[in-house]
A.B. asks: 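Below is a structure I'd like to ask you about.
Every number for a ligand or one of its atoms is a count from 1 in the order of the listing.
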Amino acid sequence: MVARVVPVDPFDLVVFGATGDLARRKLIPALYHRLHDGQMPEGARIIAAARRDLDDEGYRDIASRALDEFVEAAALDEKTRDRFLRSIGYVQVDVESDDGWDALAKALPPADGRPRVFYLSVAPRHFGIIAEKVHRAGLSDSDSRIVIEKPLGHDLASAQELNDCFSGHFEERQIYRIDHYLGKETVQNLMALRFANALFEPLWNARHVDHVQITVAEKVGVEGRGAYYDEMGAMRDMAQNHLLQLLCLIAMEPPARLEPDEVRDEKLKVLRALAPLTDPESVVRGQYARTNGSPSYTEDVGHPGSRTESFVALKAEVANWRWSGVPFYLRTGKRLRTRVSEIAVVFKEAPHSIFPPASGRAGNNVLAIRLQPDEGITLGMTIKEPGPGGMRLTSAELDMTFADTLGATKLRMPDAYERLVMDVVRGDQTLFMRGDEVEAAWAWIDPIIALWDERGDRPISYDQGSSGPEDALMLMHRDGRRWREIAV
Ligand code: NAD
């Protein structure tokens with residue numbers, strides 16, 4: 001099967017912070033792939049803007065090296081590389097001063113109905129000033145778009161401030177808040193699975209679902225982002241956005257249409273239905289300890305007394321008719337056994353067993369949606385063990401791993417940013433968070449963090465390479481359930 005590519009209209013994309021990590025690692029490779037696959041049209045322009053004193057050629061060198069580093073060799077060909085690099089220009093802009101804005105205005109071709117995208121790949125402290133200066137310099141019109149990514153605030157008040165600052169210069173339909181998890185192929189496939197198949201919907205409720213587990217486990221530590229991470233912690237950095245967004249996609253009602261606001265209205269209802277987490281036993285915070293000579297969290301961030309969590313596990317409840325009584329267990333952490341992100345919908349056991357005890361036990365059916373690595377969906381079933389040895393039950397997985405299902409030629413899984421950047425150009429906000437969603441997520445998270453601050457206790461230590469603190473296991477054991485293995 002060949003992926004269908006519909007080219008977008010020519011656009012102008014201004015990347016503020018174009019020399020930074022996100023731009024080099026994700027944006028430049030994503031745009032290259034879209035050109036390579038015929039989606040980014042001739043005439044599309046990328047204007048790289050950053051503080052460094054570079055000319056067009058100087059930045060093209062940086063971009064070319066980013067391609068060598070972050071694009072797989074099989075996708076690199078010299079003709080496309082050349083075309084791609086020629087579509088990029090560089091403007092030196094210091095966003096904190098007035099320097100460079102005139103040059104930026106000159107570098108932008110007249111909009112003439114071409115969508116203009118301002119991608120803010122800079123530290124959040126620069127978001128407000130860029131929005132204001134873009135507006136004041138007359139660079140934006142009613143068709144322009146502005147793109148930002150987490151952290152979208154630090155708590156509800158700062159998120160509201162950020163929303164207010166953007167809404168002073170842009171309408172909500174022009175603001176694209178990225179949660180790159182939503183750009184993942186499998187996450188979109190979850191919507192297809194739920195809403196394009198009649199099979200699951202009758203089972204998708206408290207009568208048939210025992211519980212849901214969402215795990216985002218990282219093997220890496222704070223990786224040079226210690227100061228930033230120590231301010232945030234796992235709850236703000238991962239749970240407030242990625243985990244809650246995934247929860248929303250599982251728990252939301254079917255929208256009437258696949259339209260941005262229809263989908264986002266449904267997600268917002270889920271966030272607003274989250275029961276306040278008042279039971280301290282429902283949340284476990286952890287911090288990785290020095291393990292086999294590998295430095296501890298506090299050593300990594302250089303803050304010996306830090307009470308910031310590098311792991312959090314919690315039990316959430318979506319208090320509505322569909323989900324009443326179904327726990328949603330969420331966990332995320334750093335320096336865990338391996339890197340894996342997964343959603344598991346665990347169905348209830350069959351109500352009555354007709355099989356003799358010697359047959360073994362029928363397990364729960366589990367729909368596992370794997371986001372990384374190896375994106376794919378499996379459905380765990382109980383079947384008869386093959387052979388003449390009598391009726392013995394065993395478990396097997398129906399594997400919907402796309403690379404296999406979609407044909408012999410292995411389909412390259414596009415990176416989330418490829419999809420998301422093209423959606424911005426197309427003006428499709430379905431996979432982007434609306435301002436009120438971000439605020440609703442903070443409104444749920446804030447009291448939990450306030451409770452930690454009030455109690456002043458330290459996170460529980462866990463060994464690096466483990467599944468997190470014992471107490472996180474207990475969180476489920478107490479309910480007679482267990483986490484799925486953190487394993488590839
Ligand atoms: P970075 O520090 O690597 O890059 C920052 C960029 O901003 C650089 O190009 C720098 O030149 C530019 N810059 C700094 N001050 C400037 C000024 N006064 N005027 C003009 N340009 C200036 O940061 P990053 O890791 O690329 O992150 C960028 C944004 O994306 C941040 O908001 C970050 O939280 C977010 N983000 C990054 C990642 C990632 O994988 N790196 C993931 C999620 C979110």
Side-chain angles (χ1 to χ4, degrees), residues 13-31 46-54 58-63 65-66 69-70 88 90-104 107 117-134 137 139 146-154 158-159 162 165-166 175-184 216 218 220-234 236-243 245 332 334 339 341 372 415-418 420-421 424 432-433 438:
L13 168 66
V14 180
V15 181
F16 288 101
T19 54
D21 176 71
L22 179 67
R24 284 184 303 104
R25 214 157 40 80
K26 292 291 180 184
L27 281 181
I28 292 294
L31 289 159
I46 300 163
I47 293 135
R51 224 173 7 177
R52 265 160 71 180
D53 184 8
L54 295 167
Y59 185 75
R60 286 173 187 158
D61 272 353
I62 292 178
R65 270 184 272 127
E69 201 173 343
F70 301 113
I88 308 180
Y90 181 81
V91 181
Q92 186 184 5
V93 181
D94 183 346
V95 301
E96 289 183 63
S97 78
D98 290 332
D99 298 345
W101 292 90
D102 288 343
L104 182 57
V117 179
F118 298 95
Y119 200 118
L120 276 47
S121 186
V122 291
R125 68 176 186 284
H126 291 139
F127 287 174
I129 192 132
I130 296 179
E132 195 186 319
K133 288 192 170 176
V134 162
L139 302 181
I146 194 148
V147 186
I148 50 174
E149 190 166 345
K150 75 169 187 183
L152 302 176
H154 188 257
S158 54
L162 190 64
C165 127
F166 279 110
I175 307 169
Y176 288 73
R177 298 176 189 81
I178 288 192
D179 184 317
H180 68 269
Y181 273 63
L182 300 186
K184 287 186 181 290
V216 175
E218 295 180 284
V220 295
V222 294
E223 303 298 294
R225 292 162 69 229
Y228 161 81
Y229 192 88
D230 203 39
E231 283 285 303
M232 298 292 282
R236 290 185 169 103
D237 188 49
M238 298 296 285
Q240 187 273 345
N241 37 65
H242 306 315
L243 292 183
Q245 284 293 319
T332 183
K334 290 195 174 290
R339 169 178 175 258
S341 299
Q372 60 193 18
D415 186 74
Y417 284 88
E418 295 179 43
L420 294 171
V421 174
V424 177
F432 297 82
M433 295 177 291
V438 176

A.B. asks: Go through the side-chain N and O atoms of Y176 and E149 and say whether any donor and acceptor fall under 3.5 Å apart.
C.D. replies: no

A.B. asks: How far is atom 5 (C) of ligand 1 from its nearest protein heavy atom, and which residue and atom is that?
C.D. replies: S121 O, 3.9 Å

A.B. asks: Numbering the atoms of ligand 1 from 1, which are under 4.0 Å from a heavy atom of E149?
C.D. replies: 42 (C), 43 (C), 44 (C)

A.B. asks: What are the atoms of ligand 1, with element, lying closer than 4.0 Å to any heavy atom of P151?
C.D. replies: 34 (O)

A.B. asks: So which heavy atom on I47 is nearest to which on A107, and how close?
C.D. replies: CD1-O, 3.9 Å

A.B. asks: Of D237, T19, I178, which has the heavy atom at the shortest distance from atom 11 (O) of ligand 1?
C.D. replies: T19

A.B. asks: Check this for me, if you would: do D415 and K26 make a salt bridge, where the nitrogen-to-carboxylate-oxygen distance has to be below 4.0 angstrom?
C.D. replies: yes

A.B. asks: Nearest protein heavy-atom contact for atom 32 (O) of ligand 1: which residue, which atom, what distance?
C.D. replies: V122 O, 2.7 Å

A.B. asks: Please write down residue, atom name and distance for the protein heavy atom closest to atom 23 (O) of ligand 1.
C.D. replies: D21 N, 4.4 Å

A.B. asks: List ligand 1 atoms under 4.0 Å from K150, heavy atoms only on the residue side.
C.D. replies: 33 (C), 34 (O), 35 (C), 36 (N), 44 (C)

A.B. asks: Kindly confirm or rule out an N or O of L120 lying under 3.5 angstrom from an N or O of ligand 1.
C.D. replies: no

A.B. asks: Looking only at protein heavy atoms, which one is nearest to atom 16 (C) of ligand 1, and what is the separation?
C.D. replies: R51 NE, 3.6 Å

A.B. asks: To the nearest 0.5 Å, what is the distance between CD on E69 and CZ on R24?
C.D. replies: 6.5 Å

A.B. asks: Who's the nearest protein heavy-atom neighbour of atom 4 (O) of ligand 1, and how far?
C.D. replies: G20 CA, 3.2 Å

A.B. asks: Under 4.0 Å between a Lys/Arg side-chain N and an Asp/Glu carboxylate O for D98 and K133?
C.D. replies: yes

A.B. asks: Counting only heavy atoms on the protein side, is anything nearer than 4.0 Å to atom 2 (O) of ligand 1?
C.D. replies: no

A.B. asks: Where is the nearest protein heavy atom to atom 19 (N) of ligand 1: which residue, which atom, and how far?
C.D. replies: V95 N, 2.9 Å

A.B. asks: What I want to check is whether the side chains of Q372 and R339 have a donor and an acceptor closer together than 3.5 Å.
C.D. replies: yes

A.B. asks: Under 3.5 Å between any N/O of D94 and any N/O of ligand 1: does that happen in this structure?
C.D. replies: yes

A.B. asks: I'd like to check the side-chain contact (heavy atoms from CB on, under 4.5 Å) partners of R60; sequence neighbours left out, ordered by chain and number.
C.D. replies: D56, E57, L85

A.B. asks: Can you find a non-hydrogen atom of H126 under 4.0 Å from ligand 1?
C.D. replies: yes

A.B. asks: Check this for me: does any side-chain nitrogen of one of E218 and K334 sit under 4.0 Å from a carboxylate oxygen of the other?
C.D. replies: yes

A.B. asks: Look at atom 37 (C) of ligand 1 and find which of L152, V93, L22, N241 reaches it with the closest heavy atom.
C.D. replies: L22

A.B. asks: Would you mind checking which non-hydrogen protein atom is closest to atom 6 (C) of ligand 1, with the distance to 0.1 Å?
C.D. replies: G17 CA, 3.5 Å

A.B. asks: Should we count CG of D61 as having more than 12 external heavy atoms under 6.0 Å?
C.D. replies: yes

A.B. asks: Mind listing the side-chain donor-acceptor pairs of residues 121-128 below 3.5 Å, one per line with the distance, residues two or more places apart or on another chain?
C.D. replies:
from, atom 1, to, atom 2, distance (Å)
H126, NE2, E96, OE2, 3.0

A.B. asks: Are any of the heavy atoms in E96 under 4.0 Å away from ligand 1?
C.D. replies: yes

A.B. asks: Do D237 and Y228 have side-chain atoms, one donor and one acceptor, less than 3.5 Å apart?
C.D. replies: yes

A.B. asks: In terms of atom number and element, which parts of ligand 1 are under 4.0 angstrom from non-hydrogen atoms of R25?
C.D. replies: 39 (C), 40 (O), 41 (N)

